[in-house]
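We count ligands from 1, going down the list as the structure has it; atoms in each ligand are counted the same way. Starting from 1, each residue takes its place in the sequence as its number. What you see is a predicted model, and the numbers here were worked out from it, not measured in a lab.
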Amino acid sequence: MTQQLDHATDLHDATVARAADSGANATAQFQAKQKAAVAVSKERVSEVATAALTALHEVIRDKQVTYEEYDALKAWMIAVGQDGEWPLFLDVWVEHVVEEVANADREGSKGSIEGPYYVPDAPALPARATLPQRDDEAGTPLRFQGQVRAVDGTPLGGALVELWHADDAGFYSQFAPGIPEWNLRGSITADDEGRFWIDTVQPAPYQIPTDGSCGRLIDAAGWSAWRPAHLHLKVSAPGHRLITTQLYFEGGEYVANDIASAVKPELVLAPTPRADGQGDKVTYDFVLDPA
Ligand code: MBD
Ligand code: FE
């Protein structure tokens with residue numbers, strides 16, 4: 001009886017994305033990566049902070065923001081921190097413009113935002129590999145294959161392809177309970193010609209947790225809480241600029257209205273059924289700019 005109850009609780013946990021589960025670890029992951037203080041000059045801090053505050057002052061005048069609304073904002077910002085949702089908030093509503101500025105001068109593959117759910121040092125895998133997954137991993141099998149090249153077409157042998165994505169229920173390992181640590185996360189080393197063949201499963205669309213501060217903003221504003229199904233990638237090779245990007249699926253839900261504004265036409269895949277009937281396959285080649 002106790003076992004049945006535990007099982008029921010597990011099932012419940014695995015099917016509900018709670019802000020506390022994803023938010024706390026997203027904050028911890030970010031803090032681990034951001035240990036060292038960033039050196040920014042006084043001039044630069046003053047320039048950017050003054051511009052940001054001035055833009056906000058203009059919104060208050062333009063929209064005639066009231067004290068009631070100002071206090072609602074203050075309460076909400078305090079709660080965002082308590083929920084651990086600053087990484088989620090910033091990556092959903094701000095990062096896409098930072099990415100646009102950072103990658104404007106690239107000639108190679110298009111980038112996209114990293115989001116809050118990257119974890120470094122995922123298990124190392126060879127060029128032909130299956131991403132770590134459960135024995136009964138749900139979802140349509142997907143073979144993701146391609147080649148990493150330089151802008152002049154030279155194959156980049158031994159390139160590193162880091163891939164992470166949500167499962168068939170839209171949850172990420174390490175950011176939702178009940179999923180094995182490295183599920184659907186891997187660091188693949190391409191072969192001597194920069195090629196890779198990765199077996200995984202089709203991810204589901206991702207819904208922003210509805211019980212946290214980001215969810216409350218979305219609800220209060222009447223927005224959609226969804227991101228289209230996507231693969232996250234970091235692709236790198238010595239002497240070349242690492243690219244962080246995402247790939248989406250043609251015809252998928254929310255491709256045209258991503259809450260994180262991170263879809264670009266060049267990043268939409270069109271998988272086709274495999275000849276052996278074992279799911280789908282898709283080819284995508286990466287082109288890395290010189291460092
Ligand atoms: C995600 O899965 C994601 O990729 C981004 C950018 C924001 C929230 C959840
Ligand atoms: Fe994501």
About how many Å separate CD1 of Ile60 and CG of Leu73, when rounded to the nearest 0.5 Å? 8.5 Å
Shortest-distance N/O/S atom, His232 versus the Fe ion (ligand 2): NE2
Mark up the atoms of ligand 1 that fall under 4.0 Å of a heavy atom belonging to Leu88, in ascending order. 8 (C)
For Arg227, which part has a heavy atom under 4.0 Å from ligand 1: side chain, backbone, both, or neither? side chain
Counting only heavy atoms, tell me which of Asp258, Ile259, Ile113, Val92 gets closest to atom 6 (C) of ligand 1. Ile113
Ring center gap for Phe89 and Trp76 short of 6.0 angstrom: yes
Is it the side chain, the backbone, both or neither of Glu114 that has a heavy atom closer than 4.0 Å to ligand 1? neither
Start with the C-alpha gap between Gln174 and Asn183, add the side-chain angles, then the distance that decides, and say whether side chain to side chain donor-acceptor pair (under 3.5 Å) holds. CA-CA 9 Å; Gln174 301 190 37; Asn183 213 58; over 6 Å; no
Validation row, ring centre Trp226 to ring centre Tyr206 under 6.0 Å: no
Can you tell me if an N/O/S atom from Tyr172 lies under 2.8 Å from the Fe ion (ligand 2)? yes
Using a 6.0 Å distance limit plus a 45 degree cone around the ring axis, check whether Lys281 lies over the aromatic ring of Phe144. no
Side chains of Tyr117 and His165: donor-acceptor distance under 3.5 Å anywhere? no
Do you know which of Phe175, Tyr118, Trp182 makes ring pair (Phe, Tyr, Trp, His ring centres under 6.0 Å) with Trp164? Tyr118
Per-atom filter on ligand 1: closer than 4.0 angstrom to a heavy atom of Tyr206 are 2 (O), 8 (C), 9 (C)
Quick check on contacts: which atoms of ligand 1 are under 4.0 angstrom from a heavy atom of His232? 2 (O), 4 (O)
Closest approach of any protein heavy atom to atom 2 (O) of ligand 1, naming residue and atom: Tyr172 OH, 2.9 Å
Can you tell me which N/O/S atom of His230 has the shortest distance to the Fe ion (ligand 2)? NE2
Would you mind checking if Arg185 and Glu162 are paired as a salt bridge, meaning a charged N to carboxylate O distance below 4.0 Å? no
Ala262, portion touching ligand 1 at heavy-atom distance under 4.0 Å: neither
